[in-house]
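See below for the structure under consideration.
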Amino acid sequence: MNAMLDIDLIRNEPERVKKAIASKNTDSKLVDDFLWFDAKWRAITNRLDGLRARQKQLSMERKIDIAKQNKEVIKGVEEELKVVEVKRDEFWMRIPNIPSDDTPIGKDEIENKVIRVVGKPKKFDFKPKDHLELGEALGLIDVETAAKVSGTRFAYLKGAAAQLEFALVHYALATLTNPNVMRSAAEGVKSGYSGKPFVPVVPPVLIRPEVMRRMGRLEPKEERYHIPSDDLYLVGSAEHTLGPLHMDQTILEKDLPIRYVGFSTSFRREAGSYGKDTRGIFRVHQFDKVEMESFTLPEHSITEQDFFVGVQEYLMWSLELPYRVIICSTGDQGDPDARHLDLETWFPSEGIYRETHSADLMTDYQSRRLNTKVRRVDGKTEFAHMNDGTVFAVGRTIAAILENYQTKEGEVEIPKVLQKYVGKKIIS
RNA sequence: GGAGGGAUGGCUGAGUGGUUGAAGGCACCGGUCUUGAAAACCGGAGUGUGGGAAACUGCACCGUGAGUUCGAAUCUCACUCCCUCCGCCA
């Protein structure tokens with residue numbers, strides 16, 4: 001049973017692992033606990049292997065009476081091993097991924113670093129309204145009825161807002177499947193890098209617990225919606241069901257990179273965010289999202305992540321929304337992340353940049369448990385590297401468009417690139 | 001929901017209690033031949049894990065988990081998934 005972080009790395013460079021996980025606010029004692037049980041595991045395994053070899057020999061020689069006795073000894077040692085193994089794996093699973101070299105060390109989001117700022121926030125000669133005020137006035141967003149029907153943190157998107165949703169999805173798919181655009185996005189990151197277009201996917205939104213666990217996304221459980229009658233979880237992102245597309249598979253090197261762009265609804269309980277962003281559709285239990293997921297060779301995975309960010313930036317730049325790119329500090333990364341970048345978009349009503357996109361590099365942390373491998377040209381196999389990233393969190397993007405494109409009259413212009421999909425230039 | 005069939009290596013496909021970690025084919029790697037390639041022929045090669053500096057070597061793995069047996073891919077039970085047919089359904 002594979003766990004997540006490379007076991008050789010923990011065994012051979014425990015101090016490096018300890019230092020790395022401490023920077024992610026994880027108790028480095030985990031490593032010692034793991035190593036202690038691992039040493040026991042190895043000793044017992046050795047003893048057991050010897051006993052089994054003897055059992056084979058005895059049974060080949062038909063020494064049945066001695067074999068019967070030996071078998072009893074084996075049973076006892078097997079029990080012993082099982083107990084130690086469960087304990088060892090428990091610690092193993094809890095060791096997070098190692099941050100990349102360029103990840104800033106820091107306790108929390110305060111230490112995230114701004115990499116670049118693109119686009120100038122528009123100066124309004126009036127006080128800009130927030131997205132809910134605009135949305136309600138224009139008949140685009142209805143949270144009151146949604147609250148009666150479904151509860152808080154739900155919303156109806158109506159009229160032009162519903163059209164904007166499909167416009168964004170359509171635009172995203174058209175862009176990510178366009179070889180020319182993808183080629184130039186790849187060139188912008190690194191000369192000669194693959195600009196292979198994305199394969200569009202509509203993935204399932206229900207997922208089995210076991211697969212969720214292998215994705216490293218089951219925890220925190222209280223954030224997930226669970227359907228007890230069938231023991232299934234609702235996905236919190238298309239990533240959850242795109243990532244396992246190649247589980248228990250060996251991909252040929254020549255077929256990489258494999259890139260998917262998925263559209264799905266995302267479900268989040270938002271436990272632990274009580275009282276935060278309660279206004280409007282910025283943080284809701286159910287929203288639609290277009291998501292990228294890719295499988296690459298290990299040596300390409302950082303470039304792939306930069307490519308993902310390049311795609312995100314192209315889209316936001318073409319929508320003419322001001323944004324900035326940040327790299328999350330060690331303390332703000334998720335456990336499976338090696339490198340985590342966010343794209344934050346300008347929200348005029350609040351006068352701040354707010355997270356609308358993320359791009360996560362998981363290296364081989366997920367693929368090890370998913371058992372997704374690459375067979376290299378020389379025949380050797382190793383774990384593929386995985387990346388995921390937001391294309392559009394549709395609700396938040398609509399909110400950003402409403403706020404950034406509002407006029408003094410309380411109307412909202414439609415971004416140029418979306419006009420052909422919506423069929424109009426202004427929402428009034 | 002009901003009835004039946006199935007799950008074996010990167011893929012395909014043999015194998016129904018004792019050197020079977022597993023025939024054959026495809027794909028892959030090395031070589032012969034060729035101006036080069038293809039074809040043909042010869043050879044190599046499963047995965048994980050433990051020990052070892054290495055050569056090498058122990059063990060585990062035939063959907064998953066239990067069980068029977070001195071010995072299990074092969075027998076028993078449970079579960080999961082896939083396929084076919086019937087029913088229901090957008």
Open item on the list: Once you measure the plane-to-plane angle for A:F91 and A:F37, does it fall in the parallel (<30°), tilted (30-60°) or perpendicular (>60°) bin?
Closed with: parallel
TODO: Examine A:F267 together with A:H240 and report whether their ring centres are nearer than 6.0 Å.
DONE: no
Open item on the list: Using a 4.0 Å heavy-atom cut-off to protein, can you give one letter per nucleotide of nucleotides 63-77 of chain B, 5' to 3': B if the base is in contact, S if only the sugar-phosphate is, - if neither?
Closed with: ---S--BBS------
- [ ] Output the single nucleotide from B:rG48, B:rC59, B:rG50 whose closest atom is nearest the side chain of A:N46.
- [x] B:rG50
- [ ] Would you mind classifying the nucleic acid contact of A:R208 as base, sugar-phosphate or nothing, using non-hydrogen atoms under 4.0 angstrom?
- [x] sugar-phosphate
Task: Distance under 6.0 Å and angle within 45° of ring axis: A:R259 vs A:F307 - done: yes
Open item on the list: Measure CG/A:L48 against P/B:rU49 and give the value in whole Å, please.
Closed with: 17 Å
Open item on the list: In whole Å, I'd like the distance from the NE2 atom of A:H246 to the P atom of B:rG10.
Closed with: 16 Å
Task: Geometric class of the A:F347/A:F282 ring pair [parallel <30°, tilted 30-60°, perpendicular >60°] - done: perpendicular
Open item on the list: Under 4.0 Å between a side-chain nitrogen and a carboxylate oxygen: does that hold for A:E61 and A:K63?
Closed with: yes
TODO: Identify whether the distance between the nearest side-chain nitrogen and carboxylate oxygen of A:K75 and A:E78 falls below 4.0 Å.
DONE: no
Open item on the list: Can you check the distance between B:rC82 and B:rG30, where both ends of the measurement are the P atom (answer in whole Å)?
Closed with: 39 Å
Open item on the list: Without decimals, in angstroms, what is the distance between A:D49 CG and B:rC61 C1'?
Closed with: 13 Å
TODO: Please state whether the rings of A:H170 and A:Y421 are parallel, tilted or perpendicular, taking 30° and 60° as the class boundaries.
DONE: tilted
TODO: Provide, to the nearest angstrom, the distance between the CZ atom belonging to A:R368 and the C1' atom belonging to B:rU47.
DONE: 15 Å
TODO: Mind checking side chain to side chain donor-acceptor pair (under 3.5 Å) for A:T330 and listing every partner two or more places apart, or none if nothing turns up?
DONE: none
- [ ] For A:R375 and B:rC26, give me the distance from atom CZ to atom C1', rounded to whole Å.
- [x] 14 Å
TODO: Under 3.5 Å for both distances, Watson-Crick or G-U wobble, that's the pair rule; now give the dot-bracket for RNA chain B, with | marking pairs to another strand and [ ] for crossing ones.
DONE: ((((((((.[[[..)..(.....]]].(((((.......))))).((((((....)))))).[[[[[..)....]]]]])))))))....
